**Q** 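Structure provided below as structure tokens; questions to follow.
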Amino acid sequence: KARAVALAIGTIAAAASLALPGAAVAQQKGAAAGKGEQFFPVLVYRTGAYGPNGTPWANGYVDYLKLVNAQGGINGVKITYEECETAYDTAKSVECYERLKSRPNAAVFQPLSTGATFAITDKAPTDKIPIITAGYGRSESVEGEVFPWNFPLAGTYWTAADVLVQHLGKQNGGLDKLKGKKIALIYHDSPYGKEPIPLLTERSKLHGFQLTTIPVTHPGVEQKAAWLQIRQQRPDYVFLWGWGVMNSTAIREAVATGFPRDKMYGGWWSGAEPDVIPVGADAKGYNAMAFQHGAGRAKVHEDILKLLHAKGQGTGPADEVGQVLYTRGLISAMFAVEGVRQAQLRYGARPLTGEEVRYGLENLNIDQKRIDALGLTGVIRPLATNCRDHEGSRYARVHTWDGSKWNFSSDWFESDAQIIKPMIKEFSTRYAAEKKITRRSCEAEIAAAAKAAPAAAPATAPAKAAAPAAKK
């Protein structure tokens, strides 16, 4: 069904698209100004308890925007951006959002905070600027009929938690072997930390493992009580859903408690260099989810070093390029740029409104050929979105810290749609009822676009080319 919807949307997009001008000649930053500027608001937190983790993400994000400009812009359209410091505070994030949303041609917001995402989600339909939450945010916002402005691209917390359970099942010889096991979730007591609980609860019912949830108060430097529970309950595994200093504190407490690091598994925001390096040799053996990518350098990193850092234009230290959170920020920026690029196929190579960019994000098709062209071979998997699926890809794997670097320690896993799709339906329906949202009809939109498409571009899209909409 999803594939049929995607094919229908792709056909309509092709029929309605405008021809792009020839490929832009590679040029240095500023030389693409003739086609105008596309503004990217950049919400960051370089200060406070979460600064050590927020900073590399921000550096990767901004470096990618700079790289695109150094390579000629987005089909000749120059990128401009402005950072706004949030200190990982929801109120400050909303202030930044309100200040930057009115800038001309604001493309997309990326809050890098699940709490801020909850707040901004309510504003997006009115302001008509999309929100990318790559690897975070509301898990049910995969459903584009209820959340047309939210794009949890490449993985939600339900995807992460589901893959983690699948991995443990494989480690134990099958998911049925998890029956009777005890798993403790130590989580940041915030909307972020609570996100995986419904999925883990559902999996615990299916497989018979005992789930204990242990909240840790912001910012997570005091965990004695939490680890006393671990000492008393003696779980088989500990899942860590932390952020910032909470992660390294948890690993230190595991050492003090005598809990083996190879039985600890972090979410993908608890598996980066700032989480393990402060702990030293004691962090060896610690596992975490990888948001598709791990650490290491691909061609895109080498391009950044050559075109930016070698010329003194890099955002942070050069040795940070290729680290986990740096690459996470880079990928997040890439998604935004590719959304603009995709929207230009329909609206032309010019600065776009947020509403126009939303169309591009809903019709992304980052296939392997495009991944290779972006210099991201081996870093991410193909991703394709449509009206009903704003996630586009739901694969993840595990990596393990060997004392000096991260190494992949599992195969790829895809989250189980049979478990997650009913949850998405339940939670998105509940959200729509609470917010009194009139649900979109993707089928109706596809049909309307199909009816209009022949008149818009009869030479490229004869009426018979439109694929029928899938029945739900």
Side-chain angles (χ1 to χ4, degrees), residues 1-14 64 107-110 117 121 124 130-163 195 268 289-293 327-343 345-346 357-374 376-397 412-417 419-421 423-425 428 440 442 445-446 470:
K1 295 179 181 178
R3 178 172 291 274
V5 171
L7 287 172
I9 293 171
T11 302
I12 302 312
Y64 190 80
V108 60
F109 277 91
Q110 302 207 37
T117 299
T121 292
I131 306 167
I132 293 177
T133 56
Y136 62 98
R138 307 189 72 108
S139 296
E140 70 269 32
S141 64
V142 169
E143 176 53 84
E145 287 197 331
V146 176
F147 297 92
W149 298 94
N150 292 63
F151 293 87
L153 297 172
T156 68
Y157 291 132
W158 292 350
T159 288
D162 188 79
V163 166
E195 272 290 303
W268 50 47
M289 294 301 304
F291 182 66
Q292 298 205 5
H293 69 90
T327 299
R328 187 83 45 85
L330 181 157
I331 290 171
S332 298
M334 179 274 292
F335 287 146
V337 170
E338 291 303 295
V340 173
R341 199 185 306 275
Q342 181 68 23
L345 291 173
R346 180 172 187 175
V357 174
R358 192 206 72 80
Y359 169 87
L361 292 171
E362 195 168 79
N363 291 279
L364 282 174
N365 182 23
I366 305 175
D367 59 12
Q368 189 59 52
K369 183 178 179 180
R370 184 61 185 156
I371 289 171
D372 295 342
L374 291 168
L376 288 165
T377 305
V379 179
I380 61 170
R381 293 178 67 104
L383 177 147
T385 56
N386 61 57
C387 185
R388 294 297 306 274
D389 178 12
H390 282 195
E391 186 177 17
S393 177
R394 43 195 57 84
Y395 288 87
R397 47 187 170 173
W412 286 101
F413 291 90
E414 183 177 19
S415 61
D416 192 333
I419 294 173
I420 293 181
K421 277 189 174 181
M423 293 177 61
I424 291 172
K425 181 178 181 180
S428 63
R440 298 166 68 194
C442 288
E445 289 183 19
I446 292 169

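All residue numbers refer to positions in the sequence shown, counting from 1. Everything numeric in this text was worked out from a predicted model, so none of it was measured.
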**Q** Using a 3.5 Å distance criterion without hydrogens, assess whether the side chain of Q368 forms a donor-acceptor pair with backbone atoms of P382.
**A**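 Between the backbone of P382 and the side chain of Q368 there is no qualifying donor-acceptor contact (under 3.5 Å).
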**Q** Rounded to the nearest 0.5 Å, how far apart are CD1 of I371 and CG of L376?
**A**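 So the CD1 of I371 and the CG of L376 are separated by 7.5 Å.
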**Q** Quick one: does S428's side chain get under 4.5 Å of F147's, heavy atoms only?
**A**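 Contact flag for S428/F147 side chains = yes.
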**Q** Distance to the ring centre below 6.0 angstrom and angle to the axis at most 45 degrees; does that hold for R346 and Y359?
**A**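 Geometry flag: set, cation within 6.0 Å and 45°.
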**Q** Identify, with sequence neighbours excluded, every residue that meets side-chain contact (heavy atoms from CB on, under 4.5 Å) alongside A134.
**A**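 For A134, the residues satisfying side-chain contact (heavy atoms from CB on, under 4.5 Å) (neighbours in sequence not counted) are I132, F291, S332, F335.
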**Q** Using a 3.5 Å distance criterion without hydrogens, assess whether the side chain of T385 forms a donor-acceptor pair with backbone atoms of G392.
**A**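 Between the backbone of G392 and the side chain of T385 there is no qualifying donor-acceptor contact (under 3.5 Å).
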**Q** Could you check whether any side-chain heavy atom of H390 comes within less than 4.5 Å of a side-chain heavy atom of S141, counting everything from C-beta outward?
**A**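 H390 does not reach S141 side chain to side chain.
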**Q** Rounded to the nearest 0.5 Å, what separates atom CD in E145 from atom SG in C387?
**A**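 E145 CD to C387 SG: 5.5 Å, rounded to 0.5 Å.
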**Q** Heavy atoms only: give me the nearest A107-V340 pair and the separation to one decimal.
**A**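 Looking at all heavy atoms of both residues, the shortest contact is CB-CG2, 4.2 Å.
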**Q** Please evaluate residues M423 and E140 with respect to the criterion side-chain contact (heavy atoms from CB on, under 4.5 Å), reporting the C-alpha separation (whole Å), side-chain torsions for both, the decisive distance (0.1 Å), and the verdict.
**A** CA-CA 8 Å; M423 293 177 61; E140 70 269 32; over 6 Å; no
**Q** Should H293 and W268 count as side-chain neighbours, where that means a heavy-atom distance under 4.5 Å?
**A**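 Not in contact.
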**Q** Going by salt bridge (charged side-chain N to carboxylate O under 4.0 Å, His left out), name the residues that satisfy it together with E143, two or more places apart in sequence or in a different chain.
**A**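 So E143 forms a salt bridge (charged side-chain N to carboxylate O under 4.0 Å, His left out) with R388, R439.
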**Q** Side chains of L153 and I331, heavy atoms from C-beta outward: is any pair under 4.5 Å?
**A**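 Of all side-chain heavy-atom pairs linking I331 with L153, none is under 4.5 Å.
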**Q** Does a side-chain heavy-atom distance below 4.5 Å link F151 with V108?
**A**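 A side-chain contact is absent here, since even the closest heavy-atom pair is not under 4.5 Å.
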**Q** Can you name the residues that form a salt bridge (charged side-chain N to carboxylate O under 4.0 Å, His left out) with R370, not counting sequence neighbours?
**A**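 Listed in chain order: E338.
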**Q** What is the minimum heavy-atom distance between M289 and A396, and which atoms define it?
**A**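 Taking M289 first and A396 second, the nearest heavy atoms are CE-CB, 3.6 Å.
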**Q** When rounded to the nearest 0.5 angstrom, what is the spacing between CD1 in I380 and CG in L330?
**A**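 Nearest 0.5 Å value for the CD1-CG distance: 9.5 Å.
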**Q** Could you report the tightest heavy-atom contact between T156 and P152, atom names first, then the distance?
**A**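 Smallest interatomic distance, heavy atoms only, reads CG2-CB, 3.9 Å.
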**Q** How long is the span from the CG atom in D389 to the CG atom in L383, to the nearest 0.5 Å?
**A**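 Those atoms lie 8.0 Å apart.
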**Q** Quick check: closest heavy atoms across R138 and T117, and the distance to 0.1 Å?
**A**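 So the two residues come closest at N-CG2, 4.4 Å.
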**Q** Which atoms form the tightest heavy-atom contact between P130 and V357, and what is the distance?
**A**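 Closest approach of P130 to V357: CG-CG1, 4.2 Å.
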**Q** If every non-hydrogen atom of S393 is compared with every non-hydrogen atom of R381, which pair is closest and at what distance?
**A**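 What the structure gives for the nearest pair is OG-CB, 4.5 Å.
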**Q** Looking only at atom types and distance, does a side-chain atom of D162 sit under 3.5 Å from a main-chain N or O of D416, one as donor and one as acceptor?
**A**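 Between the backbone of D416 and the side chain of D162 there is a qualifying donor-acceptor contact (under 3.5 Å).
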**Q** Hey, could you give me the CD/CG distance between E391 and N150, rounded to the nearest 0.5 Å?
**A**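 Answer for the CD-CG pair, E391 versus N150, is 13.0 Å.
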**Q** Just by distance, do the side chain of W412 and the backbone of Q292 share a donor-acceptor pair under 3.5 Å?
**A**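 Between the backbone of Q292 and the side chain of W412 there is no qualifying donor-acceptor contact (under 3.5 Å).
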**Q** Drop me the distance from Q110's CD to I131's CD1, to the nearest 0.5 angstrom.
**A**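 It is 10.5 Å, given to the nearest 0.5 Å.
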